[in-house]
2 protein chains.
Amino acid sequence: MIVMVSDSRSRMVESAVILLAKHGLQATSFAEVLEHSGAPRGSIYHHFPEGKDQLIAAAISLAGERAIALLDGLDGSDAQDVVDGFLGMWRAVLRASDFGAGCSVLAVTVAADSPPLLAAAGEIFRGWRERLAELLENGGITRATAPALATLIIASSEGAVVLSRAERSFAPFDQVGEQLRVAVDAASRRG
Amino acid sequence: MIVMVSDSRSRMVESAVILLAKHGLQATSFAEVLEHSGAPRGSIYHHFPEGKDQLIAAAISLAGERAIALLDGLDGSDAQDVVDGFLGMWRAVLRASDFGAGCSVLAVTVAADSPPLLAAAGEIFRGWRERLAELLENGGITRATAPALATLIIASSEGAVVLSRAERSFAPFDQVGEQLRVAVDAASRRG
DNA sequence: GTCTATACGAAGATAGAC
DNA sequence: GTCTATCTTCGTATAGAC
């Protein structure tokens, strides 16, 4: 039997990830997090003595680790399959939320008022870029191209999710996916 | 002598664009806008009787038109120069703000709580995509490729600005620029 | 067009009991 | 670990004078 060290804490972090992705940083208030998670009121500053920033940092850290875990599962695949897997994750987010959700790390980046929180977001993005570059290299892309191609894939995925949310249509997202496949194919041939 | 129909109104809209790009939607409060613009307190609901949403809609509309005007100035250029011009605009935003500002339309998209405001953001993005596609076509890209390539350029620029803000470095932005140039070059050759 | 005053709610945060 | 009560600040919005 596994001991539940702190169930309400993890439920709050989980809810914060979802609320950040849907409504942004300022709208992810303690009141919203408590309602969404069902966690008890009195446990906020017990679990997060440093306040909201600590909760948000934990949330984007979790979101960051989940994306890394997804990437890990794609290691060893052909570069094209790696890209498809990564895009598939974001497509699922758009579909499951009916264009109502995006990336929690991006939401924090564009609204953060605290330098440490912004730096945390930057570290997460950098981790994604580096891990994806490794996977692309393992999938047949040259070492000279993989880092920049990885950054293109992450930047354009993030942007595509925003465009599709705003337009409430998969059209922008799928156009980006199509062009990324062309780019990866060309890079694979060059490699 | 030109009549100043409403100077404080346009100053408020101008300030809202800047504050949205720097601090996001919720942080773009009337108090901040008034302080930044120097507009008088009593004129808020005179100029914007529908409240904050009306101010924000005017702000992203202005930002949208400015980007269109920049694109218009690039019409007739080679596709590669069009892309360089578009990227140059975003690079200037990052540089002038020391990585403190991004895209006001993106900021609204990820934090909007009002469907009309989200739809307004979507229309702006769609307008950019369509105009850029025209320019690419005029610059030598085939009609079959131009729309999707335009969307890739806009999505990846938006994402690259976010990554560079978070990492406080031009590295992600410049990697994306490099890869976009490769993609546009390849598309030009195919055309 | 601009002013002051004010209502009202929500936000983050703290104190002290249990 | 969780509760209630409370404080302070800030947000949007309205009313009515000038």
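Worth knowing before you read on, the calculation uses all heavy atoms, side chains too, and leaves out hydrogens, waters and symmetry mates. Here is how names work: the chains are called A, B, and so on, in the same order as the sequence lines, proteins then strands, and each is numbered from 1.
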Distance-only criterion, 3.5 Å: show the donor-acceptor pairs between side-chain atoms of residues 100-119 of chain A and protein atoms not counting sequence neighbours.
{"from": "A:Thr109", "atom 1": "OG1", "to": "A:Val105", "atom 2": "O", "distance (Å)": "2.9"}
{"from": "A:Ser114", "atom 1": "OG", "to": "A:Asp53", "atom 2": "OD2", "distance (Å)": "3.4"}
{"from": "A:Ser114", "atom 1": "OG", "to": "A:Leu117", "atom 2": "N", "distance (Å)": "3.2"}

Pairs flagged by salt bridge (charged side-chain N to carboxylate O under 4.0 Å, His left out) wherever residues 27-47 of chain B is involved - sequence neighbours left out:
none
Between C:dA10 atom P and B:Asp113 atom CG, what is the distance in whole Å?
13 Å
Atom pair distance, as rounded to whole Å: NZ in B:Lys52 and P in D:dC10
15 Å
Residues of residues 24-35 of chain A with any non-hydrogen atom less than 4.0 angstrom from an atom of DNA chain C: list those, numerically ordered, please.
A:Ser29, A:Phe30, A:Ala31
Any chance you could measure B:Ile124, atom CD1, to A:Glu167, atom CD, to the nearest 0.5 Å?
11.0 Å
Looking at A:Asp185 and A:Arg189, is any side-chain nitrogen of the basic one under 4.0 Å from a carboxylate oxygen of the acidic one?
yes
By the rule that ILVMFWY residues connect when side-chain heavy atoms come within less than 4.5 angstrom, directly or transitively, which residues belong alongside A:Phe48?
A:Met12, A:Val13, A:Val17, A:Leu19, A:Phe30, A:Val33, A:Leu34, A:Ile44, A:Tyr45, A:Leu55, A:Leu62
Separation of D:dG1 P from A:Arg11 CZ (nearest whole Å):
13 Å
Any carboxylate oxygen within less than 4.0 angstrom of a Lys/Arg side-chain nitrogen, looking at B:Glu14 and B:Arg66?
yes
Atom CZ in A:Phe86, atom CG in A:Leu71: separation rounded to 0.5 Å?
6.0 Å
Rounded interatomic separation in angstrom, taking NE2 from B:His23 and P from D:dC10:
15 Å
Is it the case that the side chain of A:Arg9 and the backbone of A:His47 share a donor-acceptor pair, with hydrogens and angles ignored and the cut-off at 3.5 Å?
yes
Check the interface with nucleotides 2-5 of chain D: list each N/O to N/O pair with the protein under 3.5 Å, or write none.
{"from": "D:dT2", "atom 1": "OP2", "to": "A:Ser8", "atom 2": "OG", "distance (Å)": "3.2"}
{"from": "D:dT2", "atom 1": "OP2", "to": "A:His47", "atom 2": "NE2", "distance (Å)": "3.3"}
{"from": "D:dC3", "atom 1": "OP2", "to": "A:Arg41", "atom 2": "N", "distance (Å)": "3.0"}
{"from": "D:dC3", "atom 1": "OP2", "to": "A:Gly42", "atom 2": "N", "distance (Å)": "3.1"}

Quick one: is the NZ or CZ of A:Arg91 closer than 6.0 Å to the six-membered ring centre of A:Phe170, and within 45° of its axis?
yes
Whole-Å distance between C:dA11 P and A:Ile56 CD1?
13 Å
Polar atoms only, N or O, under 3.5 Å: list the protein pairs with nucleotides 14-16 of chain D and their distances.
none

Basic-acidic side-chain contact under 4.0 Å: B:Glu134, B:Arg131:
yes
More than 12 heavy atoms of other residues, nucleotides or ligands under 6.0 Å from NZ of A:Lys52: is that the case?
yes
